Every structure is written in structure tokens, then in C-alpha cells.
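First comes the structure, then the notes that go with it.
For clarity, every value in this text was computed on a predicted model and none was experimentally measured.
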Amino acid sequence: VQLQASGGGLVQAGGSLTLSCAASGNIFRIKAMGWYRQAPGKQRELVAELTSGSSTTYADSVRGRFTMSRDNTRNTAQLRMNSLKPEDTGVYYCHALVVTMTDYFPKEMDHWGKGTQVTVSS
């Protein structure tokens, strides 16, 4: 399974960016798909995640500004980021909890994409 992320960049505070992630490979079902970020000197943290049941979790710091969406038929996800702040700066990682079928047995695994840099200038 591969996750291909795109959409990072440099933006001024108050601006917007959209991150996209596409999953490919041996995928039976994606149970959850979302984004984490890691700021310099800090641990990786959850930004937003959407389950296959359409339940969305947002970090308190982004709720109301960021919107997560998924296309289950295409195994893609997007994170629309509005009203960006300098503290949103970091490397953003796409994450997917993927179910694969091997010899008729389901297996769950976490998968991560390569990070994409988001820099918000003040």
C-alpha cells in the first residue's frame, strides 16, 4: 500500500491550502484516513481523521478551520485548511488504516505517506 500526498506549500497567515492523499495498492477497505503533523521539536499529532463510517475527529486547535473529506470509491482524502496560523507550520503526514485480504484473512495495518511541508508565515 502506498500513500501519495500533495498540496503543501508556503502561505501567509489567514490563507488557505488543501492537502490531498491518494492510497493505492492491495486495499480491501480503508477503515480510517487522515492527517497528522509534526512541528519542529514536537511530537507528531493528529490533525484530522475520517473513518469509513463518516465519523470525523479534529484536533481542538484546528476545529472550525480545517475540513476533512474522503472519497471512499477512489481511496482519496483531502484536508482543506482555512485561516491558517503560523502555529500550523509543520510536516503533514497522510495516514490510513488499511485492511488487506491475504489468503481470505483480513489484516489491518497502519500506513503513512511521505510528509509534505506546510509553512505559514506571519
Side-chain angles (χ1 to χ4, degrees):
V1 175
Q2 296 82 38
L3 301 181
Q4 182 67 45
S6 61
L10 172 65
V11 65
Q12 288 189 332
S16 299
L17 282 174
T18 299
L19 303 182
S20 298
C21 181
S24 61
N26 180 22
I27 298 170
F28 176 72
R29 187 165 71 94
I30 298 179
K31 293 185 69 174
M33 201 164 179
W35 295 90
Y36 287 68
R37 69 186 178 192
Q38 187 165 18
K42 295 188 177 181
Q43 290 188 330
R44 191 176 297 188
E45 62 175 355
L46 171 70
V47 176
E49 193 152 76
L50 181 58
T51 68
S52 57
S54 299
S55 171
T56 309
T57 299
Y58 292 101
D60 289 342
S61 60
V62 309
R63 189 174 292 112
R65 299 187 296 121
F66 291 10
T67 303
M68 177 84 197
S69 61
R70 274 179 64 179
D71 183 336
N72 291 329
T73 61
R74 297 185 177 184
N75 292 330
T76 60
Q78 285 195 330
L79 181 68
R80 175 65 178 176
M81 304 184 293
N82 294 326
S83 302
L84 282 161
K85 303 176 180 180
E87 50 264 43
D88 294 317
T89 294
V91 179
Y92 283 66
Y93 296 91
C94 179
H95 166 263
L97 179 59
V98 178
V99 179
T100 58
M101 294 295 286
T102 304
D103 296 330
Y104 304 104
F105 288 94
K107 180 179 179 182
E108 285 185 14
M109 280 189 68
D110 287 296
H111 294 272
W112 296 90
K114 292 182 180 179
T116 184
Q117 178 72 42
V118 172
T119 302
V120 184
S121 62
S122 57

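- Judged by distance alone, with hydrogens and angles left aside, the side-chain atoms of Tyr93 form no donor-acceptor pair with the main-chain N or O of Gln38 at under 3.5 Å.
- Minimum heavy-atom separation, Ser16 to Ser83: OG-N, 4.3 Å.
- Under the 4.5 Å side-chain criterion, counting only non-hydrogen atoms from C-beta, Glu49 is in contact with Tyr36.
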Contacts under 3.5 angstrom, residues 113-121 side chains, donor-acceptor by atom type, not counting sequence neighbours:
residue	atom	partner	partner atom	Å
Thr116	OG1	Gly8	N	3.3
Gln117	NE2	Gly90	O	3.4
Gln117	NE2	Thr119	OG1	3.3

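- In terms of heavy-atom proximity, Asn26 sits nearest to Val98 at O-CG1, 4.5 Å.
- Across Tyr92 and Phe66, no two heavy atoms sit closer than the pair OH-CE2, 4.3 Å.
- For the pair Trp35 and Met81, the minimum side-chain heavy-atom distance is 4.5 Å or more.
- With values rounded to the nearest 0.5 angstrom, Ser54 atom OG is found 7.0 Å from Asn72 atom CG.
- In this structure the side chain of Cys21 reaches within 4.5 angstrom of the side chain of Met33, judged on heavy atoms.
- Between Asp88 and Arg65, the closest heavy-atom pair is OD2-NH1, 2.8 Å.
- Residues Glu45 and Gln43 have side chains not in contact (no heavy-atom distance under 4.5 Å, counting atoms from C-beta outward).
- Side-chain atoms of Arg29 do not come within 3.5 Å of backbone N or O of Val99 as any donor-acceptor pair.
- Here Leu50 contributes atom CG and Thr67 contributes atom OG1; the two are 11.5 Å apart, rounded to the nearest 0.5 Å.
- Each of Val91, Val47, Thr89 was checked for a side-chain contact (heavy atoms from CB on, under 4.5 Å) with Arg37, and the lone residue meeting it is Val47.
- In this structure, Ile27 and Val1 have side chains that are in contact, with non-hydrogen atoms separated by less than 4.5 Å.
- Note that the OG atom of Ser122 and the CD atom of Glu87 stand 10.0 Å from one another [nearest 0.5 Å].
- The distance from the CG atom of Leu79 to the OH atom of Tyr58 is 7.5 Å, given to the nearest 0.5 Å.
- Counting all heavy atoms, side chain and backbone alike, Arg70 lies closest to Ala32 at NH1-CA, 3.8 Å.
- Residues Leu19 and Leu3 do not share a hydrophobic cluster, defined by chaining ILVMFWY side chains whose heavy atoms lie under 4.5 Å apart.
- A salt bridge links Arg63 with Asp60; the closest basic N to acidic carboxylate O contact falls under 4.0 Å.
- Minimum interatomic distance between Thr57 and Leu46 (heavy atoms only, all atoms of both residues): CG2-CD2, 3.7 Å.
- To the nearest 0.5 angstrom, Lys107 atom NZ is 5.5 Å from Met109 atom CE.
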Exercise. Can you list the steps and then say if Arg80 with Thr18 is a side chain to side chain contact (heavy atoms under 4.5 Å, CB included)?
Worked result: CA-CA 4 Å; Arg80 175 65 178 176; Thr18 299; 2.9 Å; yes
